[in-house]
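What you see below is based on every heavy atom in this structure, not just the backbone, and it leaves out hydrogens, waters and symmetry mates.
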Amino acid sequence: MLALLLVLVAAAAPLLAPHDPAAGSLHERLLDPGAPGHLLGTDGQGRDMLSRLLLGARPSLACGIVPVAVATLAGTALGVTAGLGGRVVEQVLLRALDVLYAFPGILLAIAIATLLEGGAGTTVLALSVVLTPAVARVAFTEARRIRSAEYLEAARVSGAGPVVLALRQVLPVVAPVVLVYSSSLVGLAVVYAAGLSLLGIGVAPPAAEWGAMLDELRPSLLTHPWIAVQPALTVLAASVVFNTLGEALRHRIGGEPHDTGEPHDTGEPPATGEPHHTGEPRDTGGASADRGRHPAPEAAR
C-alpha cells in the first residue's frame, strides 16, 4: 500500500507541489523547515524543498522501477534458457553472467555511466546491466530445479518444443519467485540511481531528482543540515518502502528461491535467502567473496 501511495504521489506531483520547483528567490535562500510558505524550507537557490522533493519522485522512482523491470525480463529469459538448455548453453550463459557478477554492483554501474553520456537513460541502462545477473541466477535455480520433473518429461514426449515448455510449463513456476525477488530490488535501484546522480554521472542538476538534489545541497550540509539531509531521508524512506513490499509479497505469494541440495558445480552462489548448511565446509566458488558487493539473491533478504 505504501509503495502504491508513493507511486501515486509521484504521478500527481505537479498537482501536489505548492510552488514551482524551478522558481527560486535569493531573498529566501536556505530557509529552515517550517518557514512561512515553505513547509520543508528552501534550498541554496531559494527553491521550495517540498515541491522539489515531490517532483523529484518521478525521475528517482523511474530510475528504480524501470531497470528492475528490464532486468526481470532479461534475467528471466536468460535464466530459463540456461536452466532448460544443454550443458554447453548453460555454461556459456552462466560464465558470461559471471563476468558481470564479478564486479561490485555500484562500481559496475559507475563504470557504465561514466562511459556513456549522463542522464536518466544512462542510469536505467547501467542499473539494468547490474541487476540482470542476479535475477538470472534466481530464474536459473528455479528452472534447474524442475527441469527433470515428470510433467516436463511428459510434455517433451507429447512433442512440445523448448519455447512451449518454457512459456507454458516453466515460466508459471519461475515467475512468482522472480517477481518476489525483483520487487525487493527496487529500493536498491533507487539508492544506486541517487548515488550516480550524487556523483554527477546520473540525472544532472537543475533537474529535481533526489540524488542531484543531494549533490547541490552538499555545501550546506554543515551550515543547514536539516535542509541538506531531506533528499537522503527521502531516498531512505523509498528504499524501506519497496523492501517492505518485497517482504510482504514473499509472505503472501510464498515465492522463495529453492536450493536443490545438490552440489553446485557451476560456481554460482545459492539463490536462496538463507545459507544451505550441510554440517561440512562448503566451497561455493567465490560466493562469500561476492557477498555484499553485488545485488546477489541473498542480498535481497
Visitor: Work out which heavy atom in A57 is nearest to a heavy atom in A10; give both atom names and the distance.
Guide: CB-CB, 3.7 Å
Visitor: Count I, L, V, M, F, W, Y as connected when their side-chain heavy atoms are under 4.5 Å apart, and connections chain through other members. Are I106 and V190 then in the same cluster?
Guide: yes
Visitor: Evaluate the side-chain contact (heavy atoms from CB on, under 4.5 Å) criterion for residues V229 and L221: first the C-alpha distance (whole Å), next the side-chain angles of each, then the deciding distance (0.1 Å), finally the verdict.
Guide: CA-CA 7 Å; V229 301; L221 184 59; 4.1 Å; yes
Visitor: So, T42 side chain and L31 main chain: donor-acceptor pair closer than 3.5 Å or not?
Guide: yes
Visitor: Among the clusters formed by ILVMFWY side chains lying less than 4.5 Å apart, do L222 and L198 turn up in the same one?
Guide: no
Visitor: Quick check: closest heavy atoms across A71 and S128, and the distance to 0.1 Å?
Guide: CB-O, 4.0 Å
Visitor: Can you name the closest pair of heavy atoms from M213 and L53 and give their distance?
Guide: CE-CD2, 3.7 Å
Visitor: Mind checking the OG-CD1 spacing from S60 to I65? Nearest 0.5 Å is all I need.
Guide: 10.5 Å
Visitor: In this structure, would V129 and L116 fall into the same cluster of hydrophobic residues linked by side-chain contacts under 4.5 Å?
Guide: yes
Visitor: Rounded at 0.5 Å granularity, tell me how far CZ in R137 sits from OH in Y181.
Guide: 10.0 Å
Visitor: Do you reckon I227 sits in the same ILVMFWY cluster as L54, going by side-chain contacts under 4.5 Å, direct or chained?
Guide: yes
Visitor: Please give me the minimum heavy-atom distance between A109 and V130, naming the atom from each residue.
Guide: N-CG2, 3.7 Å
Visitor: At what distance, to the nearest 0.5 angstrom, does CG of L188 lie from CG of L131?
Guide: 6.5 Å
Visitor: Would you call T132 and L100 a side-chain contact if the rule is heavy atoms closer than 4.5 Å?
Guide: no
Visitor: Find the distance between CG (L214) and CG (L199) and round it off to the nearest 0.5 Å.
Guide: 11.0 Å
Visitor: Between L249 and V180, which heavy-atom pair has the shortest distance, and what is it?
Guide: O-CG2, 3.8 Å
Visitor: Has the side chain of S182 got a donor or acceptor atom that lies under 3.5 Å from a matching backbone atom of L179?
Guide: no
Visitor: Say whether, by atom type as modelled, one donor and one acceptor occur between the side chain of S183 and the main chain of L245 under 3.5 angstrom.
Guide: no
Visitor: For a quick test of reading the model, state the closest non-hydrogen atom pair linking P33 to Q230 and the distance between them.
Guide: CG-NE2, 3.7 Å
Visitor: Distance-only, no hydrogens or angles: does the R29 side chain make a donor-acceptor pair with backbone N or O of G44 under 3.5 Å?
Guide: yes
Visitor: Spell out, as yes or no, whether a donor-acceptor pair under 3.5 Å connects the side chain of R52 to the backbone of P21.
Guide: yes
Visitor: If we only count heavy atoms from C-beta on, is the L2 to T244 side-chain gap below 4.5 Å?
Guide: no
Visitor: Keeping the roles fixed (side chain from S184, backbone from N243), state whether a donor-acceptor pair exists under 3.5 Å.
Guide: no
Visitor: Kindly indicate whether the side chain of R47, heavy atoms from C-beta on, has any atom under 4.5 Å from the side chain of P206.
Guide: yes
Visitor: Any chance you could measure I110, atom CD1, to Y192, atom OH, to the nearest 0.5 Å?
Guide: 9.5 Å
Visitor: Supply the atom-to-atom distance L127 CG to L196 CG, rounded to the nearest 0.5 angstrom.
Guide: 6.0 Å
Visitor: Is it true that V80 and V88 fall in one hydrophobic cluster, defined by side-chain heavy atoms closer than 4.5 Å?
Guide: no
Visitor: Judged by atom type as modelled, is there a donor-acceptor pair below 3.5 Å linking the side chain of H19 to the main-chain atoms of G37?
Guide: yes
Visitor: So, S197 and E209: side-chain donor and acceptor under 3.5 Å apart, yes or no?
Guide: yes
Visitor: Do V135 and L185 come within less than 4.5 Å of each other through their side chains, counting heavy atoms only?
Guide: yes
